[in-house]
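Values in this document were obtained by computation on a predicted structure and should not be read as measured data. Sequence positions, counted from 1, serve as the residue numbers for this chain.
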Amino acid sequence: MTDRGDERALLIYDGDCAFCRYWVDAWRAETGDRVIYAPSQEIAEKFPDIPRARYRRSIQLIDVDGRRYEGAQAAFRALAHAPGKRWLLRLHEVPLVAPVSEWAYRVIARHRGFFFRVTKLLWGPRVERARHGLTAWIFLRALALVYLFAFLSWLPQLPGLIGQDGILPAGPPAAVFQLAALLGAAASIAAFSGRFIGPMFLAAWVLYLLVARAAGNFSGYQWDALLLEAGFLAIFLAPFRSPRPGDGRIAASPTVVWLYRFLLFRLMFSSGVLKLLSGDLSWRGLTALQHHFETQPLPTPFAWYAHNLPAGLLKSATLAVLVLEIAVPFLFLLPRRARHLGAACAAAFQLLIMATGNYAFFNWLTLALCVLLLDDGAVERFFPKTKTPKKEAHAPRRRLVTAVAAIVVVLGLTHLAALFVPVPRAAAGLASAASRLRVVNGYGLFTVMTTTRPEIVIEGSADGVVWKEYALRHRPGDVKRAPGLVAPFQPRLDWDMWFAALSPSEANPWFARLMIKLLQGSKPVLAFFKDNPFPDDPPTYVRATLYRYRFTTPEERKLDGAWWRRAMRIEYFPAMSMNSLN
């Protein structure tokens, strides 16, 4: 081999190939001056032992040790000279990686024109090195706001949910968890303001986990798990020092950014696939949205209008939901243009959900996750020029991020695999343990559609003859009361009452304790209701009846202005008094 007298690697490519020039420009940005790039038309005569036909067939790499490589192996070895990319050499040694990559290289080389068009479609006119300092900065502040909404939502509700005067069995006083929620709100504000962001996100995650565990049944929602998983990853994305004046970006870890994209992929893909795998006929028959707007837990006023759209349009919308949840998530894992399209689709989907349903902070959090599908180039035009802090040399932290990433990916893939096949017991056990800490969770929203709307109506009586209704603040009660807009606040009891109506009262032990608290006249529990029908003394008796509610048709609403029609179904909880407990 000819001695080049240079300690840098040399990559030789076909200078007449537009596809080759495109990717050489991208690789040069990664490797810098560690690799020399030269077209074969200019340098081939220096290497007479390499046939000219080889240059047209594949790239050639003369490495620093003088050894020659070609094709996919040459690409792996050239990119391994980029900072932090030595792992590509180990990847190439993984079984099947080398033969599969060489096969793919040959296919692409034979159809360069087609793949050049695909490349420009996915990456744009040129490949730019992805930067996420600004998008990560935006995301962390959005996440801090979501945390703030979540903590503030808990504050007024905790006394009625837990503790001596609450629905759940007495444990530590509710004031303890209110203090935790108050501290969590303070940590969220500090994180939003940019003060000690990393420690504040760590504090918020610990405090939210503490409150969620104490609230038991009332915190079993997928957005609670999603917030804790997103909050856990934020500990590794956020800087652990206060920013310098002028910093409007962070030195974001590309690994953690990718983990967030993987999280959003799992959230949406799992929800879509489970809708079909559940065997639910309304999803398979594309009739789910003919029921959803009416039967969802807390509809908005716009849900009434959506419910009364033509059946054909609702069928098309149901198909669109399945496409958005099953197909679109794969765009999250593709190059920037595809990711940006996926972000736009996912964001539009969340906005439509927000318009028709009150899902606490779920949609806001999902919109925040969509930000990390973008890169700085997509958003920096909307922000004044700010500087990115220099990367801090925290080798131990980088190793910790790598270890966390490996665990999250393995457990996340376990949850995905479990959708289709049984997983090994050991893997299932690890996934279950992680779910208890809510750091890696399984997801699946509305996998089985409820086709009717049962509602529990609680009543009290002083004499067992005249009964007065307890109306929850945010549930359908008075048929002429319009559905409300309450998100991102989540009325926890209102939500749990929706689930309780789908099963017998015996399956919801907390419901009997709710009835006891009404008999005792518990003020924190009564705060969940629109008004107290027994302001002077608690009732002697309480009972609950199951009604069936449905949205009115446009013609019915014109008659009396009612949003709902209701009909009594069955007794849900028999009349009880304090004497019956003795």
Side-chain angles (χ1 to χ4, degrees), residues 135-158 161-162 174 176-216 218-243 250 252-253 256-257 259-261 263-264 267 347 350 354 358-372 404 408 435 437-441 443 486-492 495:
T135 50
W137 182 87
I138 296 169
F139 166 75
L140 287 174
R141 275 147 184 78
L143 181 61
L145 285 177
V146 173
Y147 258 131
L148 180 62
F149 292 147
F151 279 119
L152 293 180
S153 178
W154 278 112
L155 266 175
Q157 300 184 80
L158 285 167
L161 296 177
I162 60 179
V176 171
F177 302 105
Q178 281 188 298
L179 177 61
L182 193 61
L183 291 173
S188 306
I189 294 172
F192 180 82
S193 67
R195 300 293 180 184
F196 306 105
I197 306 176
M200 291 301 100
F201 272 113
L202 175 59
W205 183 79
V206 171
L207 291 166
Y208 199 86
L209 182 62
L210 176 67
V211 172
R213 282 183 173 276
F218 295 102
S219 66
Y221 295 95
Q222 295 205 16
W223 38 91
D224 291 313
L226 182 64
L227 178 57
L228 283 166
E229 185 167 351
F232 176 73
L233 292 178
I235 298 169
F236 305 96
L237 181 67
F240 268 67
R241 64 166 181 79
S242 293
I250 65 170
S253 164
V256 180
V257 170
L259 289 177
Y260 273 113
R261 292 171 183 171
L263 168 59
L264 186 57
L267 171 69
Q350 295 306 314
M354 289 171 66
N358 290 285
Y359 291 95
F361 52 82
F362 168 69
N363 307 112
W364 295 97
L365 178 53
T366 309
L367 284 170
L369 291 172
C370 289
V371 172
L372 290 178
V404 168
V408 169
S435 292
L437 285 175
R438 313 228 187 149
V439 293
V440 183
N441 306 288
Y443 298 99
V486 64
F489 177 82
Q490 181 180 2
R492 299 275 170 168
W495 265 87

J.: Between Ser188 (side chain) and Gly184 (backbone), is there a donor-acceptor pair under 3.5 Å?
T.: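 Side chain of Ser188 to backbone of Gly184, a donor-acceptor pair under 3.5 Å: yes, one is there.
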J.: If I compare all heavy atoms of Leu143 with all of Gly231, which pair ends up nearest, and what's the gap?
T.: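 Of all heavy-atom pairs spanning Leu143 and Gly231, the closest is CD2-CA, 4.3 Å.
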J.: Under a 3.5 Å distance rule, please check whether Glu229 uses its side chain to pair with a backbone N or O of Leu263 as donor and acceptor.
T.: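 Looks like no, no N/O pair under 3.5 Å.
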J.: Looking only at non-hydrogen atoms, find the nearest pair between Leu209 and Leu228 and report the distance.
T.: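 The answer is N-CD2, 3.8 Å.
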J.: Are the side chains of Val257 and Thr135 in contact, using a 4.5 Å heavy-atom criterion?
T.: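 Side-chain contact under 4.5 Å: no.
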J.: How long is the span from the CD1 atom in Ile189 to the CZ atom in Arg195, to the nearest 0.5 Å?
T.: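 Reported to 0.5 Å precision, the distance equals 14.0 Å.
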J.: Any heavy-atom pair between the side chains of Ile162 and Gln157 that's under 4.5 Å?
T.: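 The answer is no, as the side chains (C-beta and beyond) never meet within the 4.5 Å cut-off.
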J.: Should the pair Tyr208 and Phe151 be assigned to parallel (<30°), tilted (30 to 60°) or perpendicular (>60°) ring geometry?
T.: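 It falls in the perpendicular class, over 60°.
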J.: Can you tell me how far the CZ atom of Phe201 sits from the CZ atom of Phe196, to the nearest 0.5 Å?
T.: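 The CZ atom of Phe201 sits 15.0 Å away from the CZ atom of Phe196.
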J.: Residues two or more places apart in sequence or in another chain: which of them pass salt bridge (Lys or Arg N to Asp or Glu O under 4.0 Å) with Arg492?
T.: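 Checked Arg492 against salt bridge (Lys or Arg N to Asp or Glu O under 4.0 Å); matches are Asp224.
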J.: What are the two closest non-hydrogen atoms of Leu152 and Pro156, and how far apart are they?
T.: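 Distance-wise, the nearest heavy atoms are O-CD, 3.1 Å.
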J.: On a heavy-atom basis, which atom in Ile197 and which in Ala191 lie closest, and how many Å separate them?
T.: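 For Ile197 versus Ala191, the nearest heavy atoms are CG1-O, 4.1 Å.
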J.: Determine the minimum heavy-atom distance between Ala252 and Leu237, stating which atoms define it.
T.: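 Minimum heavy-atom separation between Ala252 and Leu237: CB-CD1, 4.0 Å.
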J.: Could you walk me through whether Phe139 and Tyr260 pass the ring-ring contact (aromatic ring centres under 6.0 Å, His included) check?
T.: CA-CA 11 Å; Phe139 166 75; Tyr260 273 113; 4.7 Å; yes
J.: With rounding to the nearest 0.5 Å, note down the distance linking CZ in Phe361 to CH2 in Trp223.
T.: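 Nearest 0.5 Å value for the CZ-CH2 distance: 8.5 Å.
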J.: First locate atom CG of Leu207, then atom OH of Tyr147, and finally report the distance between them rounded to the nearest 0.5 Å.
T.: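 Interatomic distance, Leu207 CG to Tyr147 OH, rounded to 0.5 Å: 9.0 Å.
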J.: Check Pro199 against Phe240 and note the closest heavy-atom contact, atom names and distance.
T.: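 Looking at all heavy atoms of both residues, the shortest contact is CD-CD2, 3.6 Å.
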J.: Relative to the ring of Trp205, is the ring of Phe232 parallel (under 30°), tilted (30 to 60°) or perpendicular (over 60°)?
T.: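 If you compare the ring of Phe232 with that of Trp205, the planes turn out tilted.
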J.: So, the side chain of Gln490 versus the backbone of Trp495: is there a donor-acceptor pair under 3.5 Å, distance only?
T.: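 Side chain of Gln490 to backbone of Trp495: no pair is present.
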J.: For Trp364, look at atom CH2 and say whether over 12 heavy atoms of other residues, nucleotides or ligands are found less than 6.0 Å away.
T.: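 No, CH2 of Trp364 has 12 or fewer neighbouring heavy atoms, counting only those of other groups under 6.0 Å.
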J.: Measuring only between side-chain heavy atoms, which start at C-beta, is Val404 closer than 4.5 Å to Val439?
T.: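 No, every pair of side-chain atoms sits at 4.5 Å or beyond.
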J.: Working to the nearest 0.5 Å, report the span between CG of Asn441 and CG of Leu226.
T.: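 One gets 8.0 Å once the value is rounded to the nearest 0.5 Å.
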J.: To the nearest 0.5 Å, tell me how far Leu182 CG sits from Leu158 CG.
T.: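 Answer rounded to 0.5 Å: 11.0 Å.
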